[in-house]
Engineer: 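Dropping a structure here in structure tokens format, bear with me for questions.
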Amino acid sequence: IDSMFQALPSPPKQHYIIEAHPDVLRHMRDMGWYSRPGVTILEGPWQDFIESEELLSVGGFDVVYTDTFSEDYEGM
């Protein structure tokens with residue numbers, strides 16, 4: 001993700017990250033993502049936030065990136 005942001009002509013005004021995995025959240029903390037300007041990190045599964053006021057109040061997104069991974073072994 002860092003290289004993607006560095007390639008942009010200007011940083012995004014607001015960047016939302018929804019992440020549930022505690023190891024990934026820890027790594028993001030270690031990498032300083034929690035203190036980056038314009039970054040909002042929502043901790044938990046995306047299903048908990050898809051209809052949340054926090055996201056609906058944004059009014060829309062220019063880009064949505066999703067990770068295509070299985071959430072459980074049945075999905076593999």
Engineer: Quick check: is Trp46 connected to Leu56 through a chain of hydrophobic side chains (ILVMFWY, heavy atoms under 4.5 Å apart)?
Structural biologist: no

Engineer: Which pair of heavy atoms, one from Tyr16 and one from Val58, lies closest together, and at what distance?
Structural biologist: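 Heavy atoms only, the tightest pair is OH-CG2, 3.3 Å.
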
Engineer: Got a second to check how far Tyr65's OH is from His15's NE2, nearest 0.5 Å?
Structural biologist: 10.5 Å

Engineer: Hey, could you give me the CG/CZ distance between Leu42 and Phe49, rounded to the nearest 0.5 Å?
Structural biologist: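 The distance works out to 4.5 Å.
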
Engineer: Grab the two heavy atoms, one from Pro45 and one from Ala20, that are nearest each other, plus how far apart they are.
Structural biologist: N-CB, 3.6 Å

Engineer: For Leu55 and Ile18, which heavy atoms make the closest approach, and how far apart are they?
Structural biologist: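 Between these two residues, the closest heavy atoms are CD1-CD1, 3.8 Å.
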
Engineer: Which residue pairs pass the salt bridge (Lys or Arg N to Asp or Glu O under 4.0 Å) test with at least one member in residues 40-57, sequence neighbours excluded?
Structural biologist: Arg29-Glu43

Engineer: Got a second to check how far Ile17's CD1 is from Ile41's CD1, nearest 0.5 Å?
Structural biologist: 5.0 Å

Engineer: With sequence neighbours left out, which residue pairs that include part of residues 14-23 fulfil the salt bridge (Lys or Arg N to Asp or Glu O under 4.0 Å) condition?
Structural biologist: Asp23-Arg26

Engineer: Excluding sequence neighbours, so at least two apart, what forms side-chain contact (heavy atoms from CB on, under 4.5 Å) with Val64?
Structural biologist: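 Scan of Val64 (side-chain contact (heavy atoms from CB on, under 4.5 Å), adjacent residues dropped) gives Phe61, Thr66.
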
